[in-house]
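Only one structure is covered here, and it is reproduced in the block below.
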Amino acid sequence: MMQKPMYFDYAATTPVDERVAEAMIGCLTRDGNFGNPASRSHLIGWQAEEAVEIARGDVAKLIGCDTREIVWTSGATESNNLAIKGALEALLQNEEQASSTVTHHVVPHHTVPHIVTSAIEHKAVLDTCAELQRRGCEVTYLTPPADGVIRAAQVAEAMRPQTRLVSIMHVNNEIGVINEIAGIGKNCRDSGVLFHVDAAQSAGKVEIDVASMCIDLLSISAHKMYGPKGIGALYVRRSPDVNIAAQIHGGGHERGMRSGTLPTHQIVGLGKAAAIAKQEMVAESKQLLALRDLFLSQLQQLTCWQLNGSKEQRVPGNLNISFADVEGETLLMSLRDIALSTGSACTSASLEPSYVLSAIGVPSELAHSSLRISLGRYTTETEVKMAADKITAAVTSLRKSPPVRYA
Ligand SMILES: *Cc1c(COP(=O)(O)O)cnc(C)c1O
């Protein structure tokens, strides 16, 4: 039997925290809180509803909003879809209604709505924007500078009179850089443009305050913060209300924005994960930063490698490193006992360099020999030393062997 690999892929998903698992188990069986939170006629339902509302409060506290501004979804993919499609649909419906009441003037015929996003967003945002392009919207995809950070000035420059929505992620999932969210938010608020933030990689890891950051819509995923897969949340600002059109109909749960019986155990899991994160975020960041610095210092024996993305504006748990003069696939093969991600994505049969690394100007050869090393709550100093040693040994030995020749 193969030994379980050391886990350095916390940006892909995290294990569920034992305290979260325990809370979830309490919401499943006959002797637990198994009721339907929408059952209004008995205690079993009321208790489930109470648990859901406590969780809503814990998620709200993590991002500094009101409990009534949290909508449960199945994860950040759904939250991104609901935010972007829902907001545009609602805006267009409003404009149509407004224009149909004007009879005397010639209404400017369908000004094409415009969205600003970035080329390094998660596919859940990029594919949603592509779908809106098919439905007639115009989309600008910003290419970040070499350090990977999207700044307020670059977004402001791309805004037009027809811009309706800006969608920029808080933290990038591949290179871990932190974008200039508060500055972008302020510009959006000043110009009356909606601002959506994909916070799947930042919630529970860095401070989020939707009020001071002027955020209107924000997506969260539980499984990136030690909660279960299959549950997430969308923050939808109130007063003044941000309108979003439902993408899933039936029953009118979540104030009509997202129907479907609420999964109490999943929601309680996300709530518990949020409460733990709020409590432990500062201490955990310090610990991760120390481990990351240790990792980097252990790699100093090696030459010819580069850290991709800003070193300063970066979450503590992420390293993305390119190693020159090694063949990416061979490198990976020799690192089988470390679970990590690479700078390549398998699309059909071909191995393409990561679009994020390409966007920040990493040459395709270097992108292929890149590793995303993400650390988390359970990473130990011993693991960091072992992993760094293994990578150092693998790169050194591959560089000694004759270069691969292709016919
Ligand atoms: C993981 C991730 C998502 C998708 O979240 P799911 O809950 O798995 O749907 C979206 N955006 C970013 C930045 C992510 O890291």
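- For R292 (side chain) and L375 (main-chain N/O), no donor-acceptor pair under 3.5 Å exists by modelled atom type.
- Side chains of V395 and Q301 form no contact here, defined as non-hydrogen atoms less than 4.5 Å apart.
- By the 6.0 Å contact criterion, NZ on K186 is open, its count of non-hydrogen atoms from other residues, nucleotides or ligands being 12 or less.
- Side chain of Q266 to backbone of T264: no donor-acceptor contact under 3.5 angstrom is found.
- The two residues T73 and A233 come nearest to each other via the heavy atoms OG1-N, 3.6 Å.
- Residue Q306 qualifies as enclosed at atom CD: its count of foreign heavy atoms under 6.0 Å is above 12.
- The shortest side-chain heavy-atom distance between K272 and E22 does not fall under the 4.5 Å cut-off.
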(request) Kindly indicate, with the supporting measurements, whether the criterion side-chain contact (heavy atoms from CB on, under 4.5 Å) is fulfilled by L319 and L307. (result) CA-CA 7 Å; L319 287 172; L307 181 67; 3.8 Å; yes
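- Between N187 and M159, the shortest heavy-atom distance links the atoms O-CE, 4.0 Å.
- No option in E254, E69, E49 other than E254 meets the salt bridge (Lys or Arg N to Asp or Glu O under 4.0 Å) test with R56.
- For S219 (side chain) and D198 (main-chain N/O), no donor-acceptor pair under 3.5 Å exists by modelled atom type.
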(request) Step by step, work out the side-chain contact (heavy atoms from CB on, under 4.5 Å) result for T303 and R399. (result) CA-CA 11 Å; T303 55; R399 281 180 181 161; 4.0 Å; yes
(message) Working note: H253 + T261, criterion side chain to side chain donor-acceptor pair (under 3.5 Å); need CA distance, chi angles, decisive distance, verdict.
(response) CA-CA 7 Å; H253 306 76; T261 299; 4.7 Å; no
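- Under a 3.5 Å cut-off, the side chain of T14 and the backbone N or O of H223 do form a donor-acceptor pair.
- At least one donor-acceptor pair closer than 3.5 Å links the side chain of N179 to the backbone N or O of M169.
- You'll find the side chain of I244 stays beyond 4.5 Å of the side chain of V71, heavy atoms only.
- Atom NZ of K390 has 12 or fewer neighbouring heavy atoms from other residues, nucleotides or ligands inside a 6.0 Å radius.
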(request) Show your working on side chain to side chain donor-acceptor pair (under 3.5 Å) between S354 and E174 and close with a plain yes or no. (result) CA-CA 9 Å; S354 133; E174 287 192 39; 2.7 Å; yes
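- Counting non-hydrogen atoms of other residues, nucleotides and ligands closer than 6.0 Å to CD of Q279 gives a total of 12 or fewer.
- Between the side chain of D241 and the backbone N or O of N243 there is no donor-acceptor pair closer than 3.5 Å.
- In this structure, the side chains of H196 and L165 come closer than 4.5 Å at one or more pairs of heavy atoms.
- Taken from OG1 in T392 to CG in L302, the straight-line distance is 4.5 Å, to the nearest 0.5 Å.
- Once rounded to the nearest 0.5 Å, the distance linking OG1 of T117 with CG of L126 reads 6.0 Å.
- When atom types are taken as modelled, the side chain of R372 and the backbone of G176 share no donor-acceptor pair closer than 3.5 angstrom.
- Between the side chain of E284 and the backbone N or O of R377 there is no donor-acceptor pair closer than 3.5 Å.
- Within the model, atoms NE2 of H114 and OG1 of T111 stand 12.5 Å from one another, a figure rounded to the nearest 0.5 Å.
- A pairwise comparison of heavy atoms in C129 and V139 identifies O-CG2, 3.8 Å as the closest pair.
- Q201 has its side chain within reach of K224: a pair of non-hydrogen atoms, C-beta onward, lies under 4.5 Å apart.
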(request) Starting from the C-alpha separation in whole Å, work towards a yes-or-no answer on side chain to side chain donor-acceptor pair (under 3.5 Å) for S341 and D9. (result) CA-CA 7 Å; S341 286; D9 210 6; 3.0 Å; yes
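- The pair R238-D66 does not meet the salt-bridge criterion, since no charged nitrogen lies less than 4.0 angstrom from a carboxylate oxygen.
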(request) Walk me through it: do H170 and V206 pass the test side-chain contact (heavy atoms from CB on, under 4.5 Å)? (result) CA-CA 9 Å; H170 192 183; V206 295; 3.6 Å; yes
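- Using cut-offs of 30° and 60° on the angle between ring planes, the pair Y378 and Y226 is perpendicular.
- Here I321 contributes atom CD1 and I175 contributes atom CD1; the two are 13.5 Å apart, rounded to the nearest 0.5 Å.
- When all heavy atoms are compared, the tightest approach of A394 to S334 is CB-OG, 3.7 Å.
- S310 places no side-chain N or O within donor-acceptor distance of the main-chain N or O of D147, the cut-off being under 3.5 Å.
- Minimum heavy-atom separation, G183 to A152: C-CB, 3.6 Å.
- No salt bridge links K385 with D389; every basic N to acidic carboxylate O contact stays at or beyond 4.0 Å.
- In this model, no donor atom of one side chain and acceptor atom of the other lie less than 3.5 Å apart for Q300 and S297.
- Although no hydrogens or angles enter the test, the distance criterion places no donor-acceptor pair under 3.5 Å between the side chain of R151 and the main chain of P145.
- Checked against the 6.0 Å centroid criterion, the rings of F8 and F295 qualify as a close aromatic pair.
- Here CD of E131 is found 9.0 Å from CG of N81. Values are rounded to the nearest 0.5 Å.
- The 12-atom threshold is exceeded at CD of Q133, counting heavy atoms of other residues, nucleotides or ligands nearer than 6.0 Å.
- Within 6.0 Å of CD on E50 lie no more than 12 heavy atoms contributed by other residues, nucleotides or ligands.
- Atom CD of Q47 is separated from atom CZ of F34 by 9.5 Å, given to the nearest 0.5 angstrom.
- A158 and T163 get closest at one heavy-atom pair: O-OG1, 4.4 Å.
- In this structure the side chain of E121 reaches within 4.5 angstrom of the side chain of S118, judged on heavy atoms.
- Between L332 and L340, the closest side-chain pair of non-hydrogen atoms falls below 4.5 Å.
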(message) The test is side-chain contact (heavy atoms from CB on, under 4.5 Å); show your working for F323 and L371 and say whether it passes.
(response) CA-CA 8 Å; F323 300 89; L371 303 176; 3.6 Å; yes
